[in-house]
Amino acid sequence: MKSKKHRIALLIFAASTALVSPAFAQTTPERNAYFGETHVHTGWSFDAYIFGNTKTGPDDAYKYATGETILHPMGYPIKITTPLDWMGVTDHSEYVGTVKLANTPGSALSKLPIAEKLKVRSPADIQRIYLWLGYTIIDKKPIKELISPDVAGSIWKENNAIADRFNKPGIFTTFCSYEWTSTPDNRNMHRNVFFKDCAKVPELPFSSIDSSAPEDLWDWMDGQRKAGNELLAISHNANLSDGIMFPTEVDFKGRPIDKAWAESRERNEKLSEIKQIKGQSETHPSLSPNDEFANFEVLTYLLGDPAGRFPTIPGSYIRDAYKTGIAMQVSRGYNPYKFGVVGGSDSHNTGVPYRQDNFYGGHARNDGEEKQRMEGHVFAGLDVRLENPAGLTGLWAEENTRASLFNAMQRKETFATSGPRIQLRFFGGWDYSQDAKDVKSREVWNIVPDWLKDRLWVRTAYAQGVPMGGDLPAKAGDKAPSFAVWAVKDPTSGNLDRIQIVKGWTKDGQTFEKVFDVVWAGKRAPDPVTGKVPPIGSTVNIQEASYENTIGAVELKTVWSDPEFDPGLDAFYYARALEIPTPRWTTIQAKNLGINPPDIVAATVQERAWASPIWYTPTEQARQAAKPGTTIASLQQRPGATALNDAQLKDLIVGKSTWIRNNVTGSVFQVIWSTAGRRLITNVDGTLPQPGQVGDVFHSGELGSPSSYSIKNGKIVTAFGNLPYEVTVYKVGDKYFGARSNEYGYANYEIVPTPVNLENLSLGQAERSPF
């Protein structure tokens, strides 16, 4: 029985969401939050069928989404906890439905000679068929009988007919959609493609058999759009892309990235998946060492677990891409990474587990049985205990129809959750409350701090600000923007711990980030030095796999103004709401089996929601006033400037200690360079460096953990997260300047004399490591 406090919480929840919740709500200009699925597979996907999902198709996925009970591939009943508002079934376009049809007596395909090679009669057949079909795609030698319009076209047509049959405007919306499944060299480059209108879909979808290059997918999408068929692509599992989902220098075909490439990507890929069964793609602890919540469902894995390889971290995470994008905007004039976020599942079971207490895997017989999961079963090199429940997508839309929901995706007014129905709103604007002239004229960006005082604050926020996914218009002056953020808990999940705003910015080719706690539950006080709010505590009983909602809040909201705003620097902001700790599914299922929770994963989890960002771009006047740093081009124009060669670099650093200043932040570092090709940072601004102190480090560690370096072709070569970086050192007179290869043409580092007194060093916070 629910406690009195819990019943009161539900009443508060209902009152606070009067404008924004039900799937059956009528059209409203303030928009409703509609929750749905962007990524699910049925037995029509050839891999799902081989995994054992042999009985269900897209119609069963829609039945499950609307609350009907269906059968798990292993035969037991499964039912969604809370029905969805909308869904797109995204079966793999490559050989879609062919394995199922080949094994269906009486089907047209089963009568063809090729069907004999697709028959699944034993476990050995599973491996054989999977590898055979997979390598025909990788080797670009497709099986012609399986990709003909008579086979693939008929299946695609039936898929869309099923979507139309289940589409009920205002009640439950379906999309015609599919997955483009490019996996070059075990690197995940997959995209889910959504069409706005099923009436105009092409005869066949563009698959990775046609091309494994995303640039070719975008060209095909542009052609569809010109033909009047609106569509968009959603990249997924960037965390498994081995660093190639968000490139900075060359595209998939090895061509230099330019403005046309950036515009093509932004035009076609409006969204990216931030959370699914195979981990989250927000950020990684190595990329965000100062974010205490970065270590959430991190999965270090490459598809198929290729021997002897481990994934590259930079280029594989969304927050890093946002930072990269604004740095590219400043240095090159374009930003390919202005996308919103969604959540999905990638379940191959037709049904999807969104909750910790309702987790039944995502790969049929490979992870579908509780005892098997908890014994540490390895599937394709992945310990299935590292899997996690699916993410969800929230869309702020006027009504639950294809057109309205698709428009929300296009304008990026989207948010994602790790599974629960947390509702999250995020608006930005300018505060003119101190400017009497602007107050009287009621200009568009006006009196942000007053927004939340009004019962109809959402209407005011739309009228006077921009929602998540939007751009703050630049304005003259140095006033900081303000942001209104609001979250309300899922009534069937944990209370809220806090809301944070994540800020990223760039200066002189370097990128920075900071996480601000802006509103939180309880009477906790931020640390006077770090500004961080202490943990909320935990009510979780690990042995009983239970928790109490006696801490936390039902609703949190505030207006926050950036205290460190610089009007001359490009920036982005997004909101992240966190729940109180609750038991992870592995803890729950360990309790069911009477065993201890596994040590390989955390016993508890803090579920969360992420808003799409709001971007700030300075005026040209403000940008010019920011006093840009030293560029390589300006350095080379100085009399006598020369780049050091290998011999000169060895003489400069090998077997020595150097003190280096980051001229962007003012921080000073001591670096020891051993003769054995190892280096170690031992001092930052007069103190021992602490883990995470240097932000975007490309060192393996700072405290007693040296990393390697080499000198080659006039460069000091190092690596971070499996990605190599190069530093070119220039001598100008008696000074030495260093330029890192990932800082867009700036030479930001300078060798300085050994300090006489470390106490006299600037104590500015180190945001970047030196070379």
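Start at 1 with the first residue, then count along the sequence.
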Enquirer: Applying side chain to side chain contact (heavy atoms under 4.5 Å, CB included), name anything that partners T90, two or more places apart in sequence or on another chain.
Expert: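 Side chain to side chain contact (heavy atoms under 4.5 Å, CB included) check on T90 returns H39, S177, E179, N192, F194.
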Enquirer: Are any of the side-chain heavy atoms of E68 and Y62 separated by less than 4.5 Å?
Expert: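 Answer no - side chains too far apart.
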Enquirer: Exactly one of L118, D47, L133 should register a side chain to side chain contact (heavy atoms under 4.5 Å, CB included) with Y95. Which one does?
Expert: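 Testing each of L118, D47, L133 against Y95, the sole residue satisfying side chain to side chain contact (heavy atoms under 4.5 Å, CB included) is L133.
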Enquirer: Decide yes or no on side-chain contact (heavy atoms from CB on, under 4.5 Å) for V40 and M87, but give the supporting numbers first.
Expert: CA-CA 9 Å; V40 62; M87 172 181 274; 4.2 Å; yes
Enquirer: Ignoring hydrogens and angles, tell me if any N or O in the side chain of D320 forms a donor-acceptor pair with the backbone of G315 under 3.5 Å.
Expert: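 Yes: the side chain of D320 pairs with the backbone of G315.
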Enquirer: Please enumerate all residues that pass salt bridge (charged side-chain N to carboxylate O under 4.0 Å, His left out) together with K253, with sequence neighbours excluded.
Expert: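 In terms of salt bridge (charged side-chain N to carboxylate O under 4.0 Å, His left out), with neighbours along the sequence ignored, K253 is linked to D216.
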Enquirer: Applying the ring pair (Phe, Tyr, Trp, His ring centres under 6.0 Å) criterion to F35, which one of W86, Y354, F415 satisfies it?
Expert: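 The residue from W86, Y354, F415 that satisfies ring pair (Phe, Tyr, Trp, His ring centres under 6.0 Å) with F35 turns out to be F415.
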Enquirer: Quick one: which residue pairs count as a salt bridge (charged side-chain N to carboxylate O under 4.0 Å, His left out) with a foot in residues 341-356, not counting sequence neighbours?
Expert: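 Qualifying pairs, neighbours excluded: K278-D346, R355-D490.
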Enquirer: Just so I know, are the side chains of N407 and K196 near enough to count as touching, which here means a heavy-atom distance under 4.5 Å?
Expert: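 Yes, their side chains come closer than 4.5 Å.
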Enquirer: Verify whether one side chain among S418 and Q280 offers a donor that lies under 3.5 Å from an acceptor in the other.
Expert: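 Looking only at side-chain atoms, Q280 and S418 do not form any donor-acceptor pair under 3.5 Å.
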Enquirer: Can we say R267 and E263 salt-bridge, meaning some charged N sits less than 4.0 Å from an Asp/Glu carboxylate O?
Expert: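 Answer for the salt bridge query: no.
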Enquirer: Which residues pass the ring pair (Phe, Tyr, Trp, His ring centres under 6.0 Å) test with Y322, not counting sequence neighbours?
Expert: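 Ring pair (Phe, Tyr, Trp, His ring centres under 6.0 Å) check on Y322 returns F339, F572, W615.
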Enquirer: For G361, is there any backbone N or O sitting under 3.5 Å from a side-chain donor or acceptor partner on N349?
Expert: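 Looks like yes, one N/O pair under 3.5 Å.
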Enquirer: For H41, run the ring pair (Phe, Tyr, Trp, His ring centres under 6.0 Å) check against H190, H92, H236 and tell me which one passes.
Expert: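 Output: one option passes, namely H92.
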Enquirer: Who passes ring pair (Phe, Tyr, Trp, His ring centres under 6.0 Å) against Y49, sequence neighbours left out?
Expert: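 None.
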Enquirer: Tell me, please, which residues at least two apart from D164 pass side-chain hydrogen bond (donor to acceptor under 3.5 Å, both in side chains).
Expert: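 Scan of D164 (side-chain hydrogen bond (donor to acceptor under 3.5 Å, both in side chains), adjacent residues dropped) gives R402.
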